[in-house]
Amino acid sequence: MQPIPHLHDFLTDLPSQIREEIYAAMTLRSVGAEEFVYQQGQVPEFMAQVVDGEVKLCIYSAEGREVTTASFRDGDCFGELGLIDGLPRMTSAVAVVPTQLRVLRASAFNKFYLQYPELARAINLFLGRRVRLLYEFSEEAKSLNLRQRLGRTLCRLAHSHGSKTDEGGIMLATSHEELAKLLGASRQSVSKELKLLERDGRIAIRYNKLLIVDLAPLEEEYTALISIDSIAASYE
C-alpha cells in the first residue's frame, strides 16, 4: 500500500504566494464534536480545510443508519466538489472532535480557480487520486468478503491514523462501531471478524483501540487481493 502525503490536500503544495493569498481570503470556523459542517442535499456555498481536529463525511439511510465515506485530518480539504459542479451536497460533513476549519466561500473559490492555473492543476491531481480511491473501494465491495475489506481498511488506517508503539506495532484509536460505519456492516459482524484476526495474531483488541501487531504481513495478505495499486493518506 503506497502512502501519499497530502492525498486530501490541494492547498499546501501550491506556490507560496498563491497559497497565502487563498489563506488570506479564508475565514476560521470552530465546530463542536458531532456538529454538522454541512448536510446532505444543501446548496454548496463553501469548501473547507481542516486546521485542527477531524471531520467525517457520511450518508444516512432512510432508517437513520450512518455510513462513513471518508475521514479528514489536519490539512485535508473537503467540500470543493459542489463548488465545481454546482450540485447539492452528496454527503453530510460532521466534526468527530472539536475542530477548527479554514472556510473559503464559493465566490472566492471561483475567482482563484479562474485566476490561477496552478490551482486547477492541483485540484485535477487531487480529484484524480480521489477517483483512484473510489474505484478501489468499488472493486473491494464487488470482489471481497467482509474480513478482506476489513483487513484492507486496517492497513489504510495504519498509515493515516496509526501511531507507532515502542514494540514496533501500530495503535489505532478506533472503535468497532466506527469500523462498522466505514465498512457499511453491522457492529456484530465487524467484531466477529476482529476477533478472528486477533486469534490469528494479526491484531490485539484494546478498549476503543486496536493494536496492529505487525503491519507488513497484514499488508502482504490483504493489499494484493485486487489488481489495483492501493494508496493511503499519510500524515507523517
Side-chain angles (χ1 to χ4, degrees), residues 1-10 12-13 54 56-58 67-76 78 96 125-236:
M1 188 163 286
Q2 182 179 353
I4 299 179
H6 305 159
L7 177 62
H8 302 300
D9 171 14
F10 58 83
T12 297
D13 291 332
E54 184 175 355
K56 63 182 178 181
L57 299 187
C58 48
V67 176
T68 302
T69 61
S71 176
F72 299 125
R73 298 177 60 191
D74 298 3
D76 289 345
F78 64 96
V96 178
L125 175 61
F126 166 86
L127 292 177
R129 288 171 170 170
R130 286 265 179 93
V131 170
R132 283 182 177 271
L133 274 176
L134 291 172
Y135 188 74
E136 189 175 330
F137 295 155
S138 175
E139 287 300 301
E140 289 178 2
K142 290 188 295 184
S143 308
L144 305 182
N145 59 37
L146 178 58
R147 180 171 182 178
Q148 292 168 329
R149 292 192 293 122
L150 174 60
R152 290 173 64 87
T153 297
L154 292 176
C155 291
R156 286 193 197 94
L157 291 174
H159 289 289
S160 63
H161 287 68
S163 56
K164 294 181 180 179
T165 67
D166 294 338
E167 294 76 23
I170 297 178
M171 188 69 74
L172 297 176
T174 186
S175 68
H176 296 198
E177 181 68 25
E178 289 166 340
L179 285 170
K181 290 177 181 178
L182 278 171
L183 292 161
S186 69
R187 185 189 185 283
Q188 292 79 4
S189 298
V190 169
S191 295
K192 177 181 177 181
E193 297 299 338
L194 287 171
K195 289 176 182 177
L196 292 174
L197 285 170
E198 185 176 44
R199 184 198 65 185
D200 293 343
R202 297 299 195 199
I203 66 170
I205 299 174
R206 305 285 188 262
Y207 178 71
N208 277 343
K209 292 184 178 181
L210 296 171
L211 173 66
I212 297 176
V213 178
D214 188 349
L215 180 58
L218 194 71
E219 287 194 318
E220 183 178 352
E221 181 174 357
Y222 289 106
T223 58
L225 290 173
I226 61 177
S227 58
I228 303 167
D229 290 335
S230 300
I231 60 176
S234 172
Y235 296 88
E236 293 184 357

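Throughout, numbering of the chain's residues begins at 1 and tracks the sequence. Just so we're clear, the structure is a prediction, and the values are computed from it rather than from any experiment. Every heavy atom of this structure was used, including side-chain atoms; hydrogens, water molecules and symmetry mates were not.
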Check [X] against [Y] and note the closest heavy-atom contact, atom names and distance.
X      : Y      : answer
Ala158 : Ile212 : CB-CD1, 3.8 Å
Leu218 : Gly151 : CD2-O, 4.4 Å
Ile205 : Glu198 : N-OE2, 2.9 Å

Quick one: does [X]'s side chain get under 4.5 Å of [Y]'s, heavy atoms only?
X      : Y      : value
Leu197 : Leu210 : no
Leu172 : Ile203 : no
Ile231 : Asp229 : no
Tyr222 : Leu150 : no
Arg152 : Ile226 : yes
Leu154 : Leu179 : yes

[X]: what forms a salt bridge (Lys or Arg N to Asp or Glu O under 4.0 Å) with it, not counting sequence neighbours?
X      : answer
Arg156 : Glu136, Glu140
Glu139 : Lys142
Asp200 : Arg147

Distance (rounded to the nearest 0.5 Å) between [X] [atom1] and [Y] [atom2]:
X      : Y      : atom1 : atom2 : result
Met171 : Leu211 : CE    : CG    : 4.5 Å
His6   : Leu125 : NE2   : CG    : 12.0 Å
Phe137 : Thr153 : CZ    : OG1   : 7.0 Å
Leu7   : Phe72  : CG    : CZ    : 9.0 Å
Asp9   : Ile4   : CG    : CD1   : 13.0 Å

Closer than 3.5 angstrom, by distance alone: can the side chain of Ser234 be matched with the main-chain N or O of His159 as a donor-acceptor pair? no
Can you tell me how the ring of Phe126 sits relative to the ring of Phe10, calling it parallel under 30°, perpendicular over 60° and tilted otherwise? perpendicular
Could you list the donor-acceptor pairs under 3.5 angstrom formed between side-chain atoms of residues 181-188 and any protein atom two or more places apart in sequence or on another chain?
| residue | atom | partner | partner atom | Å |
| --- | --- | --- | --- | --- |
| Ser186 | OG | Ser189 | N | 3.1 |
| Ser186 | OG | Ser189 | OG | 2.8 |

With a cut-off of 6.0 Å (strictly less than), are more than 12 heavy atoms of other residues, nucleotides or ligands near CD of Glu177?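 Result for CD/Glu177: enclosed.
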Selection residues 202-217 - residue pairs positive for side-chain hydrogen bond (donor to acceptor under 3.5 Å, both in side chains), sequence neighbours left out: Arg202-Glu221
For Glu178 and Thr68, does a side-chain donor sit closer than 3.5 Å to a side-chain acceptor? no
List the atom pairs, donor and acceptor, that lie under 3.5 Å between side-chain atoms in residues 128-135 and the rest of the protein, sequence neighbours left out.
| residue | atom | partner | partner atom | Å |
| --- | --- | --- | --- | --- |
| Arg130 | NE | His8 | ND1 | 3.3 |
| Arg130 | NH1 | Glu80 | OE2 | 3.4 |
| Arg130 | NH2 | Cys77 | O | 3.1 |

